[in-house]
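Quick caveat: nothing in here was measured; it's all calculated off a predicted structure. Every chain is numbered from 1, with letters handed out A, B, ... down the list of sequences.
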Amino acid sequence: MPLVLHNTLTRRKEVFAPLDARRVRMYVCGPTVYDLPHIGNARPVIVFDVLYRLLRRLYGAAHVCYARNITDIDDKIIARAKETGEPIRDLTERTATIFHEDVAALGTVPPDIEPRATDHIPQMIRMIETLIASRHAYIADHHVLFAVTSMSDYGRLSRRSRDEMIAGARVEVAPYKRDPADFVLWKPSAPDQPGWDSPWGRGRPGWHIECSAMSEAHLGETLDIHGGGIDLIFPHHENEIAQSVCAHGGRPFARYWLHNEFVVVEGEKMSKSLGNFLTIRDVLAEAPGEAARYAMLMSHYRDPLDWTADRLTEARRALDRFYLALRQAEAPVPAAGDAPQGVRAALEDDLNTPLALAALHDALGALNKAGNTAEKARLKAELLAGGALLGLLQQDPQAWLQGGGEASEIDALIAERNAARRARNFPRADDIRTRLAMRGIVLEDKPDGTTDWRRAT
RNA sequence: GGCCGGAUGGCAGAGUGGCUAUGCAGAGGACUGCAAAUCCUCGUACAGCGGUUCGAUUCCGCUUCCGGCCUCCA
């Protein structure tokens with residue numbers, strides 16, 4: 001089965017064929033580091049992590065190059081630093097570190113490259129110079145602006161005509177723009193703002209140019225896949241296309257555009273004013289990162305997702321079941337199994353993760369029903385390989401089921417209870433079990449007389 | 001106002017022009033000292049109204065409702 005992906009450019013599923021199967025190139029818009037990453041930020045990180053895992057499986061890990069940028073110069077960053085008094089560099093470094101910790105907890109593989117905007121100012125300046133030279137950009141009032149009318153099919157990705165953009169605009173148009181739809185490539189910096197010397201004076205880049213320059217620097221002129229949240233289609237991705245295509249003599253920028261839908265929380269859009277702004281840290285305080293990841297994968301990436309407490313609990317329960325089966329199947333694991341066919345087929349059909357999870361449940365049922373140890377070993381390996389493709393089930397089952405801590409005390413109580421059971425003192429045995437249950441510990445007596453335990457969910 | 005999405009059983013969530021996933025919750029059974037876990041069985045759902053069709057939840061149109069973008073935003 002070929003890999004099929006939904007391309008925003010055509011609004012259709014298309015068979016994916018990379019330009020060069022020995023170097024599959026994917027670029028995803030990463031965070032602007034000025035605040036704690038929220039659950040909405042987690043969605044593209046997880047979704048494109050699954051795609052990255054799948055591409056590596058299909059083309060070989062050495063033949064996929066995934067870049068996810070960090071925007072560490074931006075007006076929001078400047079504003080935040082000014083507000084709190086924290087130096088900009090401290091703010092961006094601190095926030096980037098938190099981002100890395102959070103997404104690692106969500107079980108994501110780090111991208112091959114994580115370019116930072118401030119490390120690519122010369123490339124941005126060069127690209128802007130090229131655009132000016134080819135008359136796609138102009139200088140006005142110390143700004144450099146992209147001339148939207150210089151590009152005939154501007155608006156193709158978002159399917160918006162220039163007239164529509166202007167008609168819908170709710171912000172005042174800066175007087176120095178030749179056309180209301182023109183956007184900034186470079187803007188001047190006040191003395192108290194960060195800035196770099198450029199042919200147009202001391203200033204800083206506009207947001208859109210960063211991604212164009214960084215993707216060119218690391219992945220070349222034409223990408224296979226460009227991903228991001230659906231809200232970035234316009235204007236960010238539209239403008240990236242304009243910059244890159246015009247700077248590259250009309251050659252295409254990205255061949256497949258993938259966009260994930262939004263996350264709402266308990267049925268409402270996240271916003272600071274509503275007080276339902278849910279950070280990844282908030283979620284990690286409630287449940288393990290793997291549960292959050294599972295909860296995210298329960299919906300298809302192109303469908304809106306309602307993040308609720310129930311969803312997180314359901315994800316946890318589902319993982320309990322998987323890890324229970326994995327703990328029970330102590331059979332030795334063969335070196336490497338292949339993911340269940342159903343899991344692969346689902347993912348290859350435009351990353352249908354809910355269907356892939358259903359296929360993983362099928363594999364779970366098969367493992368639970370398996371008779372002999374050889375079959376158990378094979379099915380366990382298959383289940384683990386399927387989990388690996390989704391970034392799930394990779395931890396030690398005991399670690400998942402028992403969490404950290406106090407095992408020795410629980411073991412002592414279990415030993416006491418089993419002694420009571422052997423003596424057929426069931427009231428005493430049940431009393432111990434009840435006391436453990438009140439502490440959130442669930443016991444499971446095995447046929448051989450020993451007892452396993454886990455945390456209740 | 002313009003442009004996009006979406007509406008599936010108690011909940012979550014796939015999918016399909018006729019054979020109606022999967023998980024959770026619920027009911028019954030097997031197993032167990034009793035449980036837990038596991039296994040077996042059970043629910044016949046696709047917003048409404050038209051149309052196309054031998055047949056539509058699936059295709060088309062309209063209506064209603066929900067959400068997003070058009071401004072920083074994943």
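- Phosphate proximity of B/A14 to A/Asn352: absent, as no side-chain N or O sits under 4.0 Å from OP1 or OP2.
- In this structure, A/Asp306 reaches neither bases nor backbone, as no heavy-atom distance under 4.0 Å exists between it and the strands shown.
- Close to B/A35, at under 4.0 Å from its OP1 or OP2, lies no side-chain N or O of A/Lys446.
- Between A/Phe262 and B/G67, no base-stacking contact is recorded for ring centres under 5.5 Å apart and planes less than 30° from parallel.
- Taking only side-chain nitrogens and oxygens, A/Arg454 comes nearer than 4.0 Å to OP1 or OP2 of B/A37.
- Across all strands shown, B/U53 has no partner, as no Watson-Crick or G-U wobble contact with both distances under 3.5 Å is found.
- B/U58 and B/G18 have their P atoms separated by 11 Å, given to the nearest Å.
- In this structure, A/Leu305 places its CG atom 14 Å from C1' of B/G68, rounding to the nearest Å.
- Under the 30°/60° scheme for interplanar angles, the aromatic rings of A/Tyr154 and A/Phe183 are found to lie parallel.
- Straight-line distance from the CZ atom of A/Arg311 to the P atom of B/U22: 20 Å, rounded to whole Å.
- Dashed line: the shortest gap from a side-chain N or O of A/Arg422 to OP1 or OP2 of B/G33 is not under 4.0 Å.
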For A/Arg204 and A/Ser189: C-alpha separation, side-chain torsions, deciding distance, then whether side-chain hydrogen bond (donor to acceptor under 3.5 Å, both in side chains) applies. CA-CA 6 Å; A/Arg204 57 191 193 279; A/Ser189 289; 3.1 Å; yes
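- Taking the side chain of A/Glu314 as heavy atoms from C-beta on, and the options B/C24, B/A21, B/A74, the nearest nucleotide is B/C24.
- A/Gly40 comes within 4.0 angstrom of a base, heavy atoms only.
- Judged purely by distance below 3.5 Å, without hydrogens or angles, the side chains of A/Asp282 and A/Thr279 pair a donor atom with an acceptor atom.
- A/Pro354 comes within 4.0 angstrom of sugar-phosphate atoms only, judged by non-hydrogen atoms across all strands, and of no base.
- Using a 4.0 Å heavy-atom distance criterion, A/Asp430 is classed as a base contact.
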Could you give me the CA-CA distance, side-chain angles and deciding distance for A/Asp350 and A/Tyr301, then say whether side-chain hydrogen bond (donor to acceptor under 3.5 Å, both in side chains) is met? CA-CA 9 Å; A/Asp350 194 32; A/Tyr301 77 94; 2.6 Å; yes
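- Atom C1' of B/G68 sits at a distance of 24 Å from the matching atom of B/C46, rounded to the whole Å.
- Look at the C1' atom in both B/U57 and B/A21: the space between them is 14 Å, to the nearest Å.
- Nucleotide B/C69 holds its C1' atom 10 Å from the CD atom of A/Glu261, rounded to whole Å.
- Comparing B/G68, B/A14, B/A12 by their nearest atom to the side chain of A/Met298 picks out B/A12.
- In this entry the distance linking CZ of A/Arg317 with P of B/U22 reads 20 Å, nearest Å.
- Here the separation of B/A30 from B/U8, taken at their C1' atoms, is 33 Å to the nearest Å.
- When distances run from any side-chain atom of A/Lys269 to the nucleotides B/A14, B/G68, B/C4, the shortest one goes to B/G68.
- Spacing of P atoms, B/U44 relative to B/G9, comes out at 14 Å, to the nearest Å.
- One interatomic measurement links the two molecules: CZ of A/Arg80 to P of B/C73, which rounds to 15 Å at whole-angstrom precision.
- For CZ of A/Arg11, the number of neighbouring non-hydrogen atoms (other residues, nucleotides, ligands) closer than 6.0 Å is greater than 12.
- Using a 4.0 Å heavy-atom distance criterion, A/Val45 is classed as making no nucleic acid contact.
- Under the Watson-Crick or G-U wobble criterion, with both distances below 3.5 Å, B/A30 is paired with B/U38.
- Aromatic ring orientation, A/Trp257 versus A/His237: tilted (interplanar angle from 30° to 60°).
- Nearest to the side chain of A/Leu355, among B/G33, B/A14, B/A74, sits B/A14.
- Rounded to a whole Å, the NE2 atom of A/His361 is 7 Å from the C1' atom of B/U22.
- When heavy atoms are screened at a 4.0 angstrom cut-off, A/Leu232 is found touching the sugar-phosphate backbone but no base atom.
- The residue A/Ser299 sits close only to the backbone: its heavy atoms come under 4.0 Å of sugar-phosphate atoms, none of a base.
- Annotation: B/U52 and B/G17 have their C1' atoms spaced 12 Å apart (nearest Å).
- When each of B/C72, B/A74, B/A14 is scored by its nearest atom to the side-chain atoms of A/Pro235, the top-ranked nucleotide is B/C72.
- Candidate nucleotides B/C73, B/A37, B/G33 were compared by shortest atom distance to the side chain of A/Phe426, and B/G33 ranks first.
- Residue-to-nucleotide contacts include a donor-acceptor pair under 3.5 Å from the side chain of A/Arg433 to the base of B/A35.
- The nucleotide B/A7 finds its pairing partner in B/U64, both defining distances of the Watson-Crick or G-U wobble pair being shorter than 3.5 Å.
- Counting any heavy atom pair closer than 4.0 Å across all strands shown, A/His38 reaches a base atom.
- Note: CZ (A/Arg156) to P (B/C4) measures 16 Å, nearest angstrom.
- Atom CZ in A/Arg321 sits about 20 Å away from atom P in B/A12, given to the nearest Å.
- Although no hydrogens or angles enter the test, the distance criterion places no donor-acceptor pair under 3.5 Å between the side chain of A/Glu240 and the main chain of A/Ser212.
- Put simply, the side chain of A/Asp74 and the base of B/C73 share no donor and acceptor less than 3.5 Å apart.
- For A/Arg156, the CZ atom sits in a loose shell: 12 or fewer heavy atoms of surrounding residues, nucleotides or ligands are nearer than 6.0 Å.
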